[in-house]
Chemist: 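The structure is given below, and queries will be raised subsequently.
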Amino acid sequence: TEPRIEFTFNDYQKSKDRSKLLEKSVYMKLLTNTYNALNFTVDRLLYNTLLGAKADATKAILIITDGDPTDFDDYEISKHLEKNNVIRYVIGVGKVNLERIRILASEPRENNTFKIQDYAGLKGVLDNLQNKIYNIEGAKNADSKTFLKEVSQSGFSAIYTEEDTLMLGAVGSNSWRGAINEIGPLDSEDQISISDIPLDSYLGYSVAHGRR
């Protein structure tokens, strides 16, 4: 199976709706040419600034596969990734042989390789990896921005009040300053935040409700 680009970094900046970006994707069958796909990604996408790659950003690759590699590393892509400090996370789905794909992950490989039974299990793993990737040194500077709701983790803590209002702690909001999301009875939503607290304050780590 020949690799192809489903969407670029530029496409993602224009629309972060992953369902829309992938709506025309067709599931690939036949062989699992893992090393060919990695070589294609590095050669065509990872460093391509015309497609939105950031030249000075720390590079990370997430490999999700439900099949064992059917090709070989003729491109010596593993050596290239290791030499250039490209961080690799590997997720094996279903009956995939974890030992066959663990070699693709960064050291320590046991911490960067994951196994799930089906694709429904992706969300929990991806939420964890998203936080890891955003915390990579240089990621914030490479994007030249702070994170607002991208890693908010809304619902990290929660309470339900007598006024039919749901209060959700969102510790990752506003570059981990944190916030409280208040959802009213008509699905109205407001965010309670404090702008002059330090980064990594984790407002919303726990929430409580009381009356005067």
Side-chain angles (χ1 to χ4, degrees), residues 1-134 136 138-139 142-143 150:
T1 304
E2 288 301 312
R4 63 174 183 257
I5 295 175
E6 299 292 352
F7 61 87
T8 68
F9 297 114
N10 284 335
D11 295 331
Y12 183 72
Q13 289 301 317
K14 293 175 183 176
S15 171
K16 290 185 170 61
D17 186 340
R18 287 166 289 186
S19 297
K20 184 176 181 180
L21 290 169
L22 293 171
E23 64 183 358
K24 296 182 180 179
S25 297
V26 178
Y27 181 75
M28 291 184 176
K29 300 179 180 179
L30 302 176
L31 301 177
T32 306
N33 293 325
T34 307
Y35 292 102
N36 186 25
L38 280 173
N39 185 65
F40 178 90
T41 300
V42 171
D43 185 52
R44 301 281 189 90
L45 188 62
L46 193 64
Y47 302 101
N48 192 336
T49 55
L50 295 178
L51 297 182
K54 306 293 185 181
D56 57 349
T58 301
K59 303 296 186 289
I61 292 178
L62 173 60
I63 303 162
I64 304 173
T65 180
D66 57 8
D68 299 334
T70 55
D71 59 345
F72 300 95
D73 194 6
D74 297 329
Y75 313 95
E76 296 189 333
I77 191 64
S78 298
K79 289 183 179 179
H80 171 87
L81 296 173
E82 194 69 36
K83 180 180 178 181
N84 290 277
N85 299 314
V86 178
I87 299 168
R88 289 99 60 206
Y89 300 106
V90 180
I91 302 176
V93 183
K95 297 181 180 180
V96 65
N97 185 341
L98 210 60
E99 295 307 314
R100 292 280 308 278
I101 61 173
R102 194 189 304 274
I103 193 173
L104 300 171
S106 297
E107 295 284 2
R109 292 194 171 98
E110 61 274 13
N111 293 343
N112 294 316
T113 307
F114 307 87
K115 178 72 178 290
I116 56 177
Q117 293 305 310
D118 52 47
Y119 284 102
L122 270 177
K123 187 179 187 308
V125 177
L126 292 178
D127 285 346
N128 178 38
L129 290 181
Q130 185 180 48
N131 289 335
K132 282 188 176 183
I133 292 170
Y134 277 137
I136 293 170
D143 283 342
E150 293 93 331

Chemist: Testing the basics here: between L50 and N10, what is the closest heavy-atom pair and its distance to 0.1 Å?
Modeler: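 Minimum heavy-atom contact is O-ND2, 2.9 Å.
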Chemist: Could you measure the distance from the NZ atom of K83 to the CG atom of L81? Nearest 0.5 Å is fine.
Modeler: 12.5 Å
Chemist: To the nearest 0.5 angstrom, please state how far the CD atom of E110 sits from the CG atom of N112.
Modeler: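 Rounded to the nearest 0.5 Å, the CD-CG separation comes to 8.5 Å.
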Chemist: For the pair E76 and K79, find out whether any cationic side-chain nitrogen is under 4.0 Å from an anionic carboxylate oxygen.
Modeler: yes
Chemist: List the steps, then state whether side-chain contact (heavy atoms from CB on, under 4.5 Å) holds for Y89 with T113.
Modeler: CA-CA 6 Å; Y89 300 106; T113 307; over 6 Å; no
Chemist: Using a 3.5 Å distance criterion without hydrogens, assess whether the side chain of N97 forms a donor-acceptor pair with backbone atoms of E99.
Modeler: yes
Chemist: Test side-chain contact (heavy atoms from CB on, under 4.5 Å) on I101 and T34 and set out the steps.
Modeler: CA-CA 9 Å; I101 61 173; T34 307; 5.9 Å; no
Chemist: Between atom CG of D17 and atom CG of L22, what is the distance when rounded to the nearest 0.5 Å?
Modeler: 9.5 Å
Chemist: Let me see the working for Y75 and N36 under side chain to side chain donor-acceptor pair (under 3.5 Å), right down to the final yes or no.
Modeler: CA-CA 8 Å; Y75 313 95; N36 186 25; 3.2 Å; yes
Chemist: Keeping the roles fixed (side chain from N84, backbone from H80), state whether a donor-acceptor pair exists under 3.5 Å.
Modeler: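 Looks like yes, one N/O pair under 3.5 Å.
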Chemist: Would you say R44 has more than 12 foreign heavy atoms packed within less than 6.0 Å of its CZ?
Modeler: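 It does not: R44 CZ has 12 such atoms or fewer within range.
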Chemist: With a 6.0 Å cut-off (strictly less than), is the heavy-atom count around CD1 of I103, excluding the residue itself, greater than 12?
Modeler: no
Chemist: Quick one: CG on D74 to OH on Y35, what's the gap to the nearest 0.5 Å?
Modeler: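 Nearest 0.5 Å value for the CG-OH distance: 10.5 Å.
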Chemist: Under the 3.5 angstrom rule, does the side chain of K59 hit a backbone N or O of A57 as a donor-acceptor pair?
Modeler: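 Indeed, once roles are kept as given, a pair shorter than 3.5 Å links the two residues.
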Chemist: If I take atom NZ from residue K20 and atom CG from residue D11, how far apart are they, to the nearest 0.5 angstrom?
Modeler: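 Those atoms lie 11.0 Å apart.
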Chemist: Would R88 and E82 satisfy salt bridge (charged side-chain N to carboxylate O under 4.0 Å, His left out), going step by step from the backbone distance to the final call?
Modeler: CA-CA 9 Å; R88 289 99 60 206; E82 194 69 36; 2.8 Å; yes
Chemist: Where do T32 and D71 come nearest, in terms of heavy atoms and distance?
Modeler: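 Closest approach of T32 to D71, heavy atoms only: O-OD1, 3.8 Å.
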Chemist: Of the non-hydrogen atoms in R100 and D68, which two are nearest, and what is the gap between them?
Modeler: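 So the minimum-distance heavy-atom pair works out to NH1-CB, 3.8 Å.
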Chemist: If I take atom CG from residue L51 and atom OG1 from residue T49, how far apart are they, to the nearest 0.5 angstrom?
Modeler: 8.5 Å
Chemist: Does the side chain of L98 reach to within under 4.5 Å of the side chain of F114, using non-hydrogen atoms?
Modeler: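 Heavy-atom side-chain distance check fails, nothing below 4.5 Å.
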Chemist: Pairing donors with acceptors under 3.5 angstrom, does anything connect the side chains of Y119 and D66?
Modeler: yes
Chemist: Before giving the answer on side-chain contact (heavy atoms from CB on, under 4.5 Å), spell out for T8 and I5 the whole-Å C-alpha distance, their side-chain angles and the decisive distance to 0.1 Å.
Modeler: CA-CA 7 Å; T8 68; I5 295 175; 4.0 Å; yes
Chemist: Side-chain contact test, heavy atoms from C-beta onward, threshold under 4.5 Å: evaluate it for L104 versus L38 and give yes or no.
Modeler: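 Yes; the side chains approach each other to less than 4.5 Å.
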Chemist: Assess whether a salt bridge exists between E6 and R4, defined as any Lys/Arg side-chain N lying under 4.0 Å from an Asp/Glu carboxylate O.
Modeler: yes
Chemist: Side chains of S78 and D73: do they bring a donor and an acceptor to under 3.5 Å?
Modeler: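 Indeed, the side chains of S78 and D73 share at least one donor-acceptor pair under 3.5 Å.
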Chemist: Check the pair V42 / Y47 against side-chain contact (heavy atoms from CB on, under 4.5 Å), numbers first and verdict last.
Modeler: CA-CA 7 Å; V42 171; Y47 302 101; 3.6 Å; yes
Chemist: Any side-chain heavy-atom pair from V93 and I64 closer than 4.5 angstrom?
Modeler: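 Yes, side chains in contact.
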